*Asks:* 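Here you go, one structure.
Being a predicted model, the structure only gives us computed values, none of them experimental.
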Amino acid sequence: MRDLPQKEGNLFKQILKCYELRQYKKGLKGAEQILKKFPEHGETLAMKGLFYSHLDKKEEAYDFVKKGLRYDLKSHVCWHVFGLVYRADKNYEEALKCYSQALRIDKDNFQILRDFANLQMQLRNFEGYVETVHRLVDMQPQNRQFWIGLSLGYHLMGKPDSSLKVLSTYEEAMAEANSKPDYEQSELLLYHNVVLSDMGDHEAALEHLNSIEKIVLDKKAIKEQRAMFYLALGRLEEAETAYRSLIAHNPDNFAYFDGLLKSLGLSADKLSDEDQIKVLDMLKDLQKEYPRSNVAKRLPLKFATGERFDKIADEYLRNMLRKGVPSLFVNIKTLYTNKEKEQAIETLMLGYLAALNKSQGFDNSGAIVEPPTAILWTRYFLAQHYDFKGNTDEALNLINKAIEHTPTLVELYMTKGRILKHAGDYISAMEAVNEARELDLQDRFINSKCTKYMLRADKVAEAEKTIVLFSRADIADPLNDLVEMQAYWFLIESAESHLRQGQTGRALKRFHQIEKMFGDFADDQFDFHAYCPRKMTLRSYVKLLKLEDQLYSHPYYLRAAQSAIQCYVSLFDKPDGADSEEMEGMTESEKKKLRSKQRKAELKAQKDAEENKKAVTVQDTTKKGKVDEDPEGLKYLKIEDPLAEALKFLRHLEALASDRIETQLMAFEIYFRKNKLLLALKALLKAYKIDASNATLHEQLVRFALAVQHKGGEIKPLTKTVIDKHWSSLYNGQDLAAFAGAFLKLQKDNAVGSVPHLISAAIAASLVDSSKAGKEKAEEILFLMVKEDVKFAKSRSVENVQVAIKTLKSLKSTRVQEMKTQAAAWFSRATAFQV
């Protein structure tokens with residue numbers, strides 16, 4: 001509005017109002033009117049860029065905002081608008097710089113300060129946030145939101161005492177105004193109590209809780225906090241009373257029962273015989289008091305042992321089998337960590353099956369005739385039991401008999417599919433689950449489960465046709481509906497299927513969609529930084545922030561990031577169509593055939609994509625949504641710097657999941673290839689601290705040592721000094737051959753063998769000694785899983801054996817077929833090892 005006549009000044013005010021009301025097109029017209037007369041007015045140019053930003057014209061937006069800054073570099077409006085444009089693009093770091101510059105020009109601008117504080121919270125700059133909110137409190141001391149924000153800032157900084165002082169000051173000032181209890185005041189007082197608890201002063205927290213009880217509306221939270229404080233203070237009798245009161249409110253809450261047992265001093269996993277009787281008697285009383293409580297019936301199985309366990313398990317299993325509870329095995333299998341209990345359950349169940357076949361009862365007394373479904377659920381349970389133990393044949397025998405008994409029960413076919421999946425027969429597993437789907441075509445869950453099995457069997461086209469049955473019918477590309485609905489289970493399974501089939505572009509496209517999805521999850525918290533302090537949902541807000549800080553350690557993101565980084569590392573290692581991992585160990589004629597097959601598949605895929613695009617254009621012109629212009633993901637294969645793309649996935653993990661060993665192992669692979677030895681060393685040190693016995697870490701340590709030895713004098717003196725400082729702690733003061741030998745000896749000496757560690761030891765042996773003798777030694781190490789069959793049986797899986805075969809191929813071993821034959825014997829149903 002600077003340097004504008006009154007008429008244009010009023011018009012500028014109107015366009016600001018249009019922005020607030022989200023009338024972007026109207027605001028754009030107003031800005032163009034001013035620019036006709038004053039084409040060099042910086043603030044109007046910046047506002048025009050802001051409107052373009054919200055109209056999805058990003059390039060024009062940045063051009064106009066930068067142009068506005070060139071004409072008026074000292075305008076806080078221009079800098080603020082520049083920050084808003086960056087913020088709209090989720091570039092919070094640059095937005096923060098722009099807001100900072102705007103505040104240098106106008107340090108007391110209320111709107112900029114408020115936006116600045118929200119950005120600082122988004123970036124977890126708690127010190128800066130507290131400083132900014134302090135200024136807002138000074139400007140508007142009557143505004144509750146800023147007082148609460150200041151308290152939150154101190155709390156999140158780890159200064160609960162300062163947070164408490166702010167809360168107490170505000171509560172004293174507002175004591176008269178808050179004469180009538182309401183939800184917001186109730187939440188504020190409960191948050192006050194949480195801060196007291198975080199200080200560790202449980203006595204003061206309990207006193208405060210008692211003083212606010214009449215005002216607080218969330219009575220359950222009061223009871224839970226009080227019980228927790230009694231327990232922390234060692235006031236066990238009062239804690240027992242409190243937890244019994246909570247159990248009366250909800251007798252199916254495990255946490256309440258756990259608290260009650262702790263208050264009685266009976267929470268240890270291994271109890272004395274006397275304590276065990278006390279626990280069981282108490283739980284028996286609770287069963288009588290709350291006959292419908294599943295927790296009261298289930299917990300005795302955790303604590304009972306020997307004959308007591310047999311008796312309780314017998315009663316529990318019979319009751320559940322009579323009722324026909326499909327989730328019985330899932331509920332029971334946590335007990336299988338105790339081998340005695342596992343064996344006792346198996347004995348009981350086999351006894352039931354024999355008795356039901358003979359006399360239609362759970363015992364042979366003939367006193368009680370069980371319902372016809374009892375034998376069905378007994379077989380169903382035992383099928384899952386034997387599958388858990390790895391006895392596929394017996395599991396399939398039982399589930400097939402259950403299907404013969406009741407061929408219309410969906411759960412039976414799904415369990416059969418799961419058994420076949422565990423055996424490695426993904427095709428038959430898919431067919432079984434598809435049978436379940438066809439029994440109930442209206443069930444979305446079964447449809448989704450069937451889609452997942454199709455993707456595991458690499459039947460992508462069939463999976464896509466199946467999953468879109470439940471997507472919107474009014475859009476041009478139904479699969480995009482799954483992206484919009486954030487169905488990341490489909491995206492990750494689809495990506496991994498494409499990767500198995502060598503379709504790297506398609507896989508990377510899916511991985512990037514998952515990365516964007518998690519980015520959206522992180523961005524979605526932004527609006528809550530202002531909303532939660534205003535609406536007083538403070539406890540939930542703190543939980544949200546803690547959840548967001550763990551977001552990128554989610555298993556789905558880790559899977560996507562690991563696979564994407566692996567793809568980009570492969571693109572870096574083997575650019576321009578170099579031999580893929582699939583070609584390792586092949587003859588030239590075999591490689592030629594494979595390349596020809598891949599070319600034909602690519603041409604067919606491109607042709608199908610063009611035909612689909614034409615079909616969509618002709619038939620679906622009335623449908624909404626964008627058509628996928630690059631279904632093959634070719635743009636991800638044409639990047640100039642694959643490692644830079646890999647770093648995009650890694651950055652999130654380094655910031656928010658640095659305590660996961662997967663993060664450090666991925667970091668090493670990238671920095672090692674970028675020749676950044678200190679960063680690679682840093683990743684190794686962190687990984688070593690997290691899990692020094694990790695299989696992949698051992699291989700990486702050997703590769704790092706060899707690289708350092710090979711580079712020798714090329715390494716800068718300062719870098720060499722840092723490496724030497726940590727060398728002894730990483731390699732136990734041993735030379736490389738001794739280090740690799742010690743690792744192998746440890747695997748041989750362990751009572752239970754680990755196939756991944758065996759593979760790592762073999763790779764390390766071939767790296768330390770690259771001669772023919774070294775490769776032969778690596779072969780012998782891998783074949784230890786055959787030689788000592790029983791020892792390695794537990795850790796031997798289809799996936800691990802596939803990696804072992806791949807390792808043999810990379811060694812150009814002549815014993816690849818021998819391992820494949822052995823694998824086919826171990827996993828007779830696995831499609832991966834069938835000729």
Side-chain angles (χ1 to χ4, degrees), residues 87 90 92-93 95-96 99-100 103 112-141 143-171 184-202 204-205 208-209 218 221 225 228 518-519 521-554 651-659:
R87 195 187 81 181
K90 319 298 183 189
Y92 299 117
E93 290 81 2
L96 198 69
Y99 284 173
S100 183
L103 287 170
I112 299 175
L113 279 169
R114 194 165 62 176
D115 288 350
F116 192 51
N118 290 339
L119 269 178
Q120 288 170 320
M121 181 59 80
Q122 179 76 11
L123 294 171
R124 303 298 190 267
N125 179 5
F126 296 128
E127 291 184 8
Y129 176 81
V130 165
E131 183 182 339
T132 304
V133 178
H134 253 301
R135 291 166 67 180
L136 287 167
V137 168
D138 292 339
M139 291 170 66
Q140 291 190 6
N143 193 318
R144 179 182 66 181
Q145 180 181 347
F146 301 141
W147 284 94
I148 301 306
L150 186 58
S151 176
L152 278 165
Y154 278 126
H155 186 195
L156 294 166
M157 274 177 73
K159 295 183 177 180
D161 51 340
S162 299
S163 175
L164 197 62
K165 286 178 184 176
V166 173
L167 280 175
S168 300
T169 304
Y170 172 74
E171 286 171 7
E184 293 181 356
Q185 186 188 2
S186 170
E187 283 296 305
L188 177 60
L189 292 171
L190 281 172
Y191 175 67
H192 186 147
N193 193 258
V194 168
V195 176
L196 270 171
S197 176
D198 286 352
M199 288 178 66
D201 191 349
H202 299 300
H208 177 262
L209 196 69
D218 189 347
Q225 288 289 95
M228 183 185 75
F518 276 85
F521 295 156
D523 294 333
D524 287 344
Q525 67 179 299
F526 189 87
D527 292 336
F528 292 98
H529 300 320
Y531 175 85
C532 290
R534 188 172 73 250
K535 293 295 185 181
M536 288 294 171
T537 55
L538 306 177
R539 291 178 300 155
S540 300
Y541 178 56
V542 172
K543 288 177 184 176
L544 168 71
L545 294 179
K546 289 178 179 178
L547 173 67
E548 291 283 355
D549 288 345
Q550 304 175 54
L551 181 65
Y552 286 99
S553 61
H554 191 283
R651 293 299 186 207
H652 297 303
L653 294 169
E654 286 184 321
L656 298 175
S658 61
D659 58 338

*Asks:* Is the shortest heavy-atom distance from the side chain of Leu189 to the side chain of Asn193 under 4.5 Å?
*Replies:*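 Not touching, per the 4.5 Å side-chain cut-off.
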*Asks:* What's the spacing between Leu167 CG and His155 NE2 if we round to 0.5 Å?
*Replies:*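 One gets 9.5 Å once the value is rounded to the nearest 0.5 Å.
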*Asks:* Compare all side-chain heavy atoms of Leu119 with those of Phe526 and state whether any distance is below 4.5 angstrom.
*Replies:*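 A side-chain contact exists here, since the closest heavy-atom pair is under 4.5 Å.
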*Asks:* Is it true that a side-chain atom of Gln122 and a backbone atom of Ala522 form a donor plus acceptor pair closer than 3.5 Å?
*Replies:*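 Such a contact is found between Gln122 side chain and Ala522 backbone.
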*Asks:* Nearest heavy-atom pair of Ser197 and Met228: which atoms, and what distance?
*Replies:*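 In this case the closest contact between Ser197 and Met228 is OG-CE, 4.0 Å.
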*Asks:* To the nearest 0.5 Å, tell me how far Gln145 CD sits from Arg114 CZ.
*Replies:*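 So the CD of Gln145 and the CZ of Arg114 are separated by 7.0 Å.
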*Asks:* Less than 4.5 Å apart, any side-chain heavy atom of Leu188 and any of Met536?
*Replies:*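 In short, these two side chains touch, coming nearer than 4.5 Å.
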*Asks:* Should Val130 and His134 count as side-chain neighbours, where that means a heavy-atom distance under 4.5 Å?
*Replies:*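 Val130 reaches His134 side chain to side chain.
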*Asks:* Can you tell me how far CG of Leu656 sits from CD of Glu548, rounded to the nearest 0.5 angstrom?
*Replies:*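 That separation rounds to 9.0 Å.
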*Asks:* Atom CG in Leu196, atom CD in Gln225: separation rounded to 0.5 Å?
*Replies:*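 The CD atom of Gln225 is 10.5 Å from CG of Leu196, to the nearest 0.5 Å.
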*Asks:* Can you confirm whether Ser163 sits close enough to Met157 that some side-chain heavy atom of one is under 4.5 Å from a side-chain heavy atom of the other?
*Replies:*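 Result no, sub-4.5 Å side-chain heavy-atom pair not found.
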*Asks:* Side chain to side chain contact (heavy atoms under 4.5 Å, CB included), that's the test. Do Asn118 and Arg87 meet it? Break it down for me.
*Replies:* CA-CA 11 Å; Asn118 290 339; Arg87 195 187 81 181; 5.8 Å; no
*Asks:* Compute the ring centroids of Phe518 and Phe521, then answer whether they are less than 6.0 Å apart.
*Replies:*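 Judged by ring-centre distance (under 6.0 Å), Phe518 and Phe521 do meet the cut-off.
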*Asks:* Under a 4.5 Å cut-off applied to non-hydrogen side-chain atoms, are Asp161 and Lys159 in contact?
*Replies:*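 Yes. Closest side-chain heavy atoms under 4.5 Å.
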*Asks:* Assess, by modelled atom type and distance only, whether the side chains of Thr132 and Gln120 contain a donor and an acceptor separated by less than 3.5 Å.
*Replies:*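 Present: a donor and an acceptor within the cut-off.
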*Asks:* Mind listing the closest non-hydrogen atom pair of Val195 and Pro160 along with its distance?
*Replies:*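 Closest approach of Val195 to Pro160, heavy atoms only: CG1-O, 3.4 Å.
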*Asks:* With no hydrogens and no angle check, just 3.5 Å: does a side-chain donor-acceptor pair link Tyr92 and Asp523?
*Replies:*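 Yes, Asp523 and Tyr92 have a side-chain donor paired with an acceptor closer than 3.5 Å.
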*Asks:* How many angstroms lie between atom OG1 of Thr537 and atom OH of Tyr191, to the nearest 0.5 angstrom?
*Replies:*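 Those atoms lie 11.5 Å apart.
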*Asks:* For the salt bridge (charged side-chain N to carboxylate O under 4.0 Å, His left out) test, which of Arg144, Arg534, Lys535 pairs with Glu184?
*Replies:*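 Going through Arg144, Arg534, Lys535 one by one, the salt bridge (charged side-chain N to carboxylate O under 4.0 Å, His left out) with Glu184 is satisfied by Arg144 alone.
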*Asks:* Considering only heavy atoms from C-beta outward, does the side chain of Leu152 approach that of Leu538 to under 4.5 Å?
*Replies:*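 They are in contact (side-chain heavy atoms under 4.5 Å apart), so the answer is yes.
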*Asks:* Once you round to the nearest 0.5 Å, how far does CD of Gln185 lie from CG of Leu190?
*Replies:*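 Atom-to-atom, Gln185:CD and Leu190:CG are 11.0 Å apart.
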*Asks:* Would you confirm whether Trp147, through its side chain, and Pro141, through its main-chain N or O, come within 3.5 Å as a donor-acceptor pair?
*Replies:*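 Here the side-chain-to-backbone pair exists.
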*Asks:* Going by heavy atoms in the side chains, are Leu545 and Met121 under 4.5 Å from each other?
*Replies:*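 Yes, close enough: below the 4.5 Å cut-off.
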*Asks:* Please enumerate all residues that pass ring-ring contact (aromatic ring centres under 6.0 Å, His included) together with Phe528, with sequence neighbours excluded.
*Replies:*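 So Phe528 forms no ring-ring contact (aromatic ring centres under 6.0 Å, His included) with any residue.
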